[in-house]
Amino acid sequence: MFIKRILKIGLVAIVASALTTVQAQVPKPAPKPDKEKPERGGKKWDPTKVKERLKAAFDKRKKRRGDAKKKGHKVHDRKKGDKKGGSFGKLIRDDVKIKELKEAFAAAAKKGHKGFDRKAWKDATDDEKKALREKMAAGRKEWYEKMKTHREEVGKRIKEIREEFKNNRDKVIDGNDPGE
């Protein structure tokens, strides 16, 4: 027993020493020489072409972003595949009074936006800029008040439409006599 244990330990020691000597004998790879970069004359890429492509890509992205800002966020009913909304939304869109309110508000908002002159801002002194800022703030307040009244009027009209097209099924169900 004792001899077997000594032989096993000896065998492990011999294998371990053999492995360490094998690892020590592995040669290290020689350092690679530095390669020279190829000329950019036409082999790999042309910097002018790359600049043109980048400029075109940036312009395209800028145009699309501008279009997205103009379009704004659209709410639609995904269940029906309808991009404009459900039947109640169609009632509201087709309503004459709401169309008139929208047109009136759009005209008033457009009229309010015409008041600011960017060219005057560039050449203005500090006092003139302060007066322009006050004028802009007053215009914003006026627009905000118009927006609030418009929203209230549209809300009232929507409530009227709801009352007109109300579903009275509960009253009909309650009115049915189960004994008949």
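If you're wondering where the values come from, they're calculated on a predicted model, not measured in any experiment. Numbers for residues simply follow the sequence, beginning at 1.
Side-chain contacts under 4.5 Å among hydrophobic residues (ILVMFWY), followed directly or transitively, place Val96 with no other residue at all. Members clustered with Ile9: none, using a 4.5 Å side-chain heavy-atom cutoff among hydrophobic residues.
Between the CG atom of Leu132 and the CG atom of Asp127 there is a distance of 11.0 Å, given to the nearest 0.5 Å. Rounding to the nearest 0.5 angstrom, the gap separating the CD atom in Glu103 from the CD1 atom in Ile98 is 12.5 Å.
Listed by chain and residue number, Arg157 satisfy the side chain to side chain donor-acceptor pair (under 3.5 Å) test with Glu160 (two or more places apart in sequence, or in another chain). Remark: Thr48 pairs with Asp46 by the side-chain contact (heavy atoms from CB on, under 4.5 Å) rule, at least two apart or across chains. With sequence neighbours excluded, the residues forming a salt bridge (charged side-chain N to carboxylate O under 4.0 Å, His left out) with Glu142 are Lys146, listed by chain and number. Every residue meeting the side-chain contact (heavy atoms from CB on, under 4.5 Å) condition with Tyr144, not counting sequence neighbours, appears here in chain and number order: Met147, Lys148.
For the pair Lys55 and Asp59, the salt-bridge criterion is met [side-chain N within less than 4.0 Å of a carboxylate O].
Side-chain contact check for Val154 versus Arg151: every heavy-atom pair is 4.5 Å or farther apart.
Counting heavy atoms of neighbouring residues, nucleotides and ligands inside a 6.0 Å radius, atom NZ of Lys129 exceeds 12 of them. Around the CD1 atom of Ile3, the shell of radius 6.0 Å holds no more than 12 heavy atoms that belong to other residues, nucleotides or ligands.
Hydrophobic clustering, with ILVMFWY side chains joined whenever heavy atoms are under 4.5 angstrom apart, keeps Ile6 apart from Ile14.
Under the 30°/60° scheme for interplanar angles, the aromatic rings of Phe105 and Trp143 are found to be tilted.
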